[in-house]
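This report concerns only the one structure given below.
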Amino acid sequence: MKDVAPLTAGWTLRHESAALPARIPGCVHTDLLAAGVIPDPFLSRNETEVAWVGRADWQYDTVLPPRDSAHERTDLVFDGLDTAATVTVGGEVAGRTRNMHRGYRFDVTGATGGSGSPVPLSVLFTSAYTEAEAVRAQVGERPNSYPEPFQYIRKMACSFGWDWGPTLVTAGIWKPVRLEHWSTARISDVRPLVTVAGTTGRVEARVEVERTGPGAGRPLTAELLIGGATAAGGTTAAVPGSAGASVSFDGTHATVTADVSDAALWWPRGYGEQPLYDCEVVLRDGSGAVLDSWSRRIGFRTVALDTAADEHGTGFTLVVNGERIFARGVNWIPDDVFPSRISPERYRSRLTQATEAGVDLVRVWGGGIYESDAFYDICDELGLMVWQDFLFACAAYPEEQPLRSEVEAEARENVTRLMPHASLVLWNGNNENLWGFRDWQWEEELAGDSWGEGYYLGLLPRIVAETDPTRPYTAGSPWSGSWDHHPNDPAHGTSHSWEVWNRTDYTEYLGQSPRFAAEFGWQAPPAYATLRRALPGEELAADSPGMLHHQKAADGNGKLERGLARHFAVPADFDRWHYLTQVNQARAIATGIEHWRAQWPVCAGTVVWQLNDCWPVTSWSAIDGDGRRKPLFHELRRVYADRLLTVQAGDGGLTLAAVNQSARPWRTDVRVRRMTAAGKTLAEAVLELSAPARAVGRTAVPAALVPAPESAEEFLVADADGSRALHFPVRDRAFAFPVPEFDVELVRDGKGGVAVLVTARTLLRDLLLQADRLAPSAAADQGLLTLLPGERATIGVRGWDVPDDGAVRAVRAALFAVEPAGRP
Ligand code: BMA
């Protein structure tokens, strides 16, 4: 049997004349930080101070243990090197690398054998800038939306900075490294092709092996074992379904197929359970001895992408197990600009937060990384569908060597690595590059140079068809399906709606009918406690030096301010500015999602830009760089619920829409009131509303209940089964909001939590408890509630050690609601 020895201990990083302890997996920045050589680049404006790190070359050293293995071969295996590196073993070059997104295996049998003494192992990293600039000089310059040369090196693009990320160009051994000793043969790849026919699940495992020599040990046997199902969360469910098969083969390929009868289907969350099966491949030699084994968890499900033309244009609907799905999505960026720091626990907590917001699809965006196995394992368990971009974003990418071979190798490796995952439902060629070619003057600038089209429309779909033929591929986001339509035509395929944030106003979403809104977003600052940590000692202001440093978008603060001013009187006070910009973000995204969910099945998905952050920053995220939930998070939970009540304007009147994504019909009585700002009910009725399962039901709002157009006094409130819909005929700054008045009571729950009871004495619009102002560890379970006079909300708070004195006063200081415009 193969013998595996991790090589994570004993490494050092050479800095000037010192050998600093190095953590593997890790990177230069985190090692220098741990050694106290650099300040934390996430704080204040330290990012600028540490820019030299990315321009330098770095060396990592360790020694290989004396070889005491009787095996024929020893390989040195790196799962990931960031990025341009020379690996030497015993002073001899074992190999060179230039791709962060691949693994590397070097045969070091000769170098480690013999003497019985330790052998030095060094990895020398050349600055990613040096490598990228050399390749640029070789292949010629191409257009890029950003100033940095990320398209000339196969490395996480946002390492070079993004409009939400710092420029911290890493180097290092960012994934595990080990020695593998083996004889006769080892498994190099397994590609399980999982299909379902009727009630039978089939696994066709394509096995590739490497042998120590031609014909060594022939023939071999590959055995496939499918174990019983494990329900999400790890409890073994009483689902039958073991199967096995084996095949003998010469050469280096084998296909072994097993059928599981009555296979339990894997479903996206909200549609069913997530049973997962253990899938194991065992390689044996002619005598039956085990040489190697491979195991993953798989799930039985079918997935298709329906892009049929219809009377509205060209659809883009995911179909899982035959069920057409409106995707409640979020875009995912690397959760840390130093990705080697992202532990499985952190992935689990972030992805669990996504599920708590009602999300069922996560798009892994192309300027980041192919995430680690833990990410996809957790998505499998949680029932989160994954849309995986290939790693190309916002630039023209040369197709010449040495890049082309790297792209091909990286794509084959990652498709093979990720295809066992049931959660993975879609491969996507790139982010915004087909659009950029058409709209951002690239076409003229390129003058016939290659720019990546050959990857997105040629190489990548071919690799997916050959390697992972059961899964759909789309060439880009956005993409209309062909050059016959503009790449970002909302009527055809996926589209990104960015004019709204960049130039217009979020009410513009109401005039848009995308078939699949793959990106749209609105910025807001992070939570107060996050700002306090990131900007120590700074007096916070919308345009204080640290705030502006932690805002990376072009004219970001200008857009934030102008966007706010369209809806609210912009307050001078920082705390209210902070609250209102967060409210405005939530309003923007809710406006889009409510409108587009009500258009199902014409619109088949919304993927919010963006779920998370990679450091503390003002950005489009719903969860900030310290993992704190912005008010948008709470709003997502409302608008992504299985059952959403919404008021939509159209045809000169108002319509109530019941968006029902649950499996059961939704028949409900909606209490509709036309009210005044002072809380008086002017008209009231109960309307019957029904929506079939997974469908939208509508009813017109009778004229008597529609607030007078342009009224600063009247609004509509509709309630059904705990879902509340509101309609105000004018913007907030024109509405006659009362000065908010409320009573606060605290009730300890005896389990470390406290319930904050807020009773409204006036209309309270978008009531928010910023619990992190009570204590950095505190969090509230609800936010942005609108209460009518007399109504009471119970907000649960955890992580706050309630003081004996002044607790109510502290809570009051952390509670915000919309106030009348012009209030000092
Ligand atoms: C889209 C994304 C990102 C970017 C975001 C906000 O273009 O694909 O490149 O961060 O918009 O500008």
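Because only heavy atoms are used, hydrogens play no part in the values below, and waters and symmetry mates are left out as well, while side chains stay in. When a ligand or atom number is given, it counts from 1 through the structure's own listing order.
At the shortest separation from atom 8 (O) of ligand 1 among protein heavy atoms lies N431 ND2, 2.8 Å. Nearest protein heavy-atom contact of atom 7 (O) of ligand 1 is E432 OE1, 2.6 Å. Looking only at protein heavy atoms, the nearest one to atom 10 (O) of ligand 1 is D163 OD1, 2.6 Å. Among all non-hydrogen protein atoms, the one lying nearest atom 1 (C) of ligand 1 is E519 OE1, 2.8 Å.
Taking the six-membered ring wherever Trp is involved, the centroid distance between the rings of Y509 and W596 falls below 6.0 Å.
Using modelled atom types, one finds no donor on one side chain facing an acceptor on the other under 3.5 Å when comparing E432 with W440. Looking at D732 and H567, their side chains never bring a donor and an acceptor atom within 3.5 Å of each other.
By the 4.0 Å heavy-atom criterion, W620 is counted among the residues contacting ligand 1. At least one heavy atom of C394 sits under 4.0 Å from some atom of ligand 1.
Remark: ligand 1 and Y146 share no N or O pair separated by less than 3.5 Å (distance only, no angle test).
Between F574 and H578, the ring-plane angle classifies as parallel under the 30° and 60° cut-offs.
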May I have the step-by-step check of ring-ring contact (aromatic ring centres under 6.0 Å, His included) for Y455 and F392, ending in yes or no? CA-CA 10 Å; Y455 296 149; F392 304 90; 5.4 Å; yes
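For atom 3 (C) of ligand 1, the nearest non-hydrogen atom from the set F520, W498, W162 comes from W162.
Just one of L168, T170, I153 meets the side-chain contact (heavy atoms from CB on, under 4.5 Å) condition when paired with S159; it is T170.
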